[in-house]
2 protein chains.
Amino acid sequence: MMAYPKFLSPEEIVKTAVHLVEHGDVDGLSLRAVAAKLGVKAPSLYRYFSDKEVLENAVAEAILGLMLIEFRKISAFKNPETRFRKMVEVYLRFARERFPLYTFVVQHNHPERYASGMGKAVWDLIVGTASAVSGRPDDTAAAVATWAFLHGYATLEHSGAFGPSGPKGGLERGLEAFLSSFRSGVPSARQRNAVSEHQE
Amino acid sequence: MMAYPKFLSPEEIVKTAVHLVEHGDVDGLSLRAVAAKLGVKAPSLYRYFSDKEVLENAVAEAILGLMLIEFRKISAFKNPETRFRKMVEVYLRFARERFPLYTFVVQHNHPERYASGMGKAVWDLIVGTASAVSGRPDDTAAAVATWAFLHGYATLEHSGAFGPSGPKGGLERGLEAFLSSFRSGVPSARQRNAVSEHQE
DNA sequence: GTCTATATGCGGATAGAC
DNA sequence: GTCTATCCGCATATAGAC
């Protein structure tokens, strides 16, 4: 029971914080709650994190690591379009099943978040998957469009904005539009002559 | 100076609250702040709104009314694709220039929000505009896809997620994909024979 | 390294005086 | 109809004892 000199660690604190983001109160991670979960008082955490924001960044990074684990599974699918569809599945499943984690990351979106670390790894994976479909290396435009669509869909779905009647095929409609456009080149620049059907 | 029996009204309170959402502190409208802005103390507001949530719903409705005013301007454009592009412009401009208002509405997205009132009016306008492009009456799927894309793009852009390099043409890429897909019918069901170009 | 105690600030909501 | 006064809860963060 000699619980007094209880050694914490940054890793343990972050892990607990992630758990609380997912299962605790919806809005607002609190140091009190993290400390309580660890069987400790709030001020003790300041030995490991200078303030709340530093902890939040570590939590966001850890969550992106969890997302990356899921995203990496899609590399098993070699066909670009199949892989693209799997990426969509993984993205939406993560957002649906672990929405508090998902929304925490987006709410703590710094401009630098996707320039290094886990954020960059996730972003590179999205760019790579979209680029494989379009056949254009480093197709950032396709990745941005896809990301925006998935993010918007996930958040609107969660908020209940689609109402009781549901999204009515809006997800499939958008995906087919993107796939059709990506695989047929860049329509905005110069309509290619081969606008024939590109069915699988 | 006989300011004591100062008559408030629900309209005045909502108007003040909307102003504070737009120009006040980013997160969290507070009754205290609304009251202060009105030169009144917080408890006075309870004569007009039973609790904070009721006021919030009224505020969301008022903001949707502001959005509707902007959206209605696109009816001046008779060509379906032109009108669609104008709708995109209006949507993103509102989200960009009045982001606090925009995000307040989505954060208070009830499933019923778009079933009546201002929410329904806005939604009907989006559906109508998308349907005019696709030529299919009540094309909810196209509207949902468009909405998801625009909402995702607006929020990611605001959060700075696109980074210093910007969206890199992601907006245009997505829009062209949608327009191309919408005007050519439903690729998933049955390619229509008339896949000719529908340029202005 | 963790503790208690405390400073300071925010917020929603109610009772009862005027 | 608005007020004062207050209760209650939440939070971050610090000082200094142990």
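Here is the naming used below: chain letters follow the sequence lines, and residue numbers restart at 1 for every chain.
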inquiry  = Within a 6.0 Å radius of atom CG on A/D25, are there more than 12 heavy atoms belonging to other residues, nucleotides or ligands?
reply    = no
ask   = Between B/K120 and B/E112, is there a salt bridge with N-O shorter than 4.0 Å?
value = no
ask   = Given atom CG of A/D25 and atom P of D/dG9, what is their separation to the nearest angstrom?
value = 15 Å
Separation of C/dA5 C1' from A/Y46 OH (nearest whole Å) = 15 Å
query = Nearest-Å distance, CZ (A/R47) to P (D/dG16)?
reply = 14 Å
message = Distance check needed: D/dA11 P versus A/L29 CG, whole Å only.
response = 10 Å
ask   = How long is the line joining CG of B/D51 and P of C/dG11, in whole Å?
value = 17 Å
task = Give the nucleotide from the list D/dC3, C/dG12, C/dC3 with an atom nearest to the side chain of B/P43.
result = D/dC3
inquiry  = Give me the atom names and distance for the closest heavy-atom approach of B/F104 to B/A60.
reply    = CE2-N, 3.8 Å
ask   = Which of these nucleotides, D/dC3, C/dA13, D/dG1, is closest to any side-chain atom of B/Y48?
value = D/dG1
query = By ring pair (Phe, Tyr, Trp, His ring centres under 6.0 Å), which residues pair with B/F77, not counting sequence neighbours?
reply = none
Look for any protein N or O under 3.5 Å of an N or O in nucleotides 7-10 of chain C and output each such pair with its distance, or none.
none

remark   = To the nearest angstrom, the CZ-P distance between B/F49 and C/dA13 comes to 13 Å
message = Rounded to whole Å, how long is the line connecting atom CG of B/L38 with atom P of D/dG1?
response = 15 Å
request  = Answer yes if the ring centres of A/F94 and A/F99 are under 6.0 angstrom apart, and no otherwise.
outcome  = no
query = To the side chain of A/K41, which of C/dC3, C/dG1, D/dA13 is closest?
reply = C/dC3
task = Please collect all side chain to side chain donor-acceptor pair (under 3.5 Å) contacts where either partner lies in residues 58-72 of chain B, sequence neighbours excluded, each pair once.
result = B/E70-B/K73
message = Check the phosphate of C/dG12 against B/K52, side-chain N and O only, distance under 4.0 Å to OP1 or OP2. Yes or no?
response = yes
ask   = Does a salt bridge link A/K15 with A/E12, judged by any charged N lying under 4.0 Å from a carboxylate O?
value = no
ask   = Reckon A/L55 touches a base, only the sugar-phosphate, or nothing at all at heavy-atom distances under 4.0 Å?
value = nothing
request  = Identify which nucleotide among D/dA13, D/dG1, D/dC3 has an atom closest to any side-chain atom of A/L31, counting heavy atoms from C-beta outward.
outcome  = D/dA13
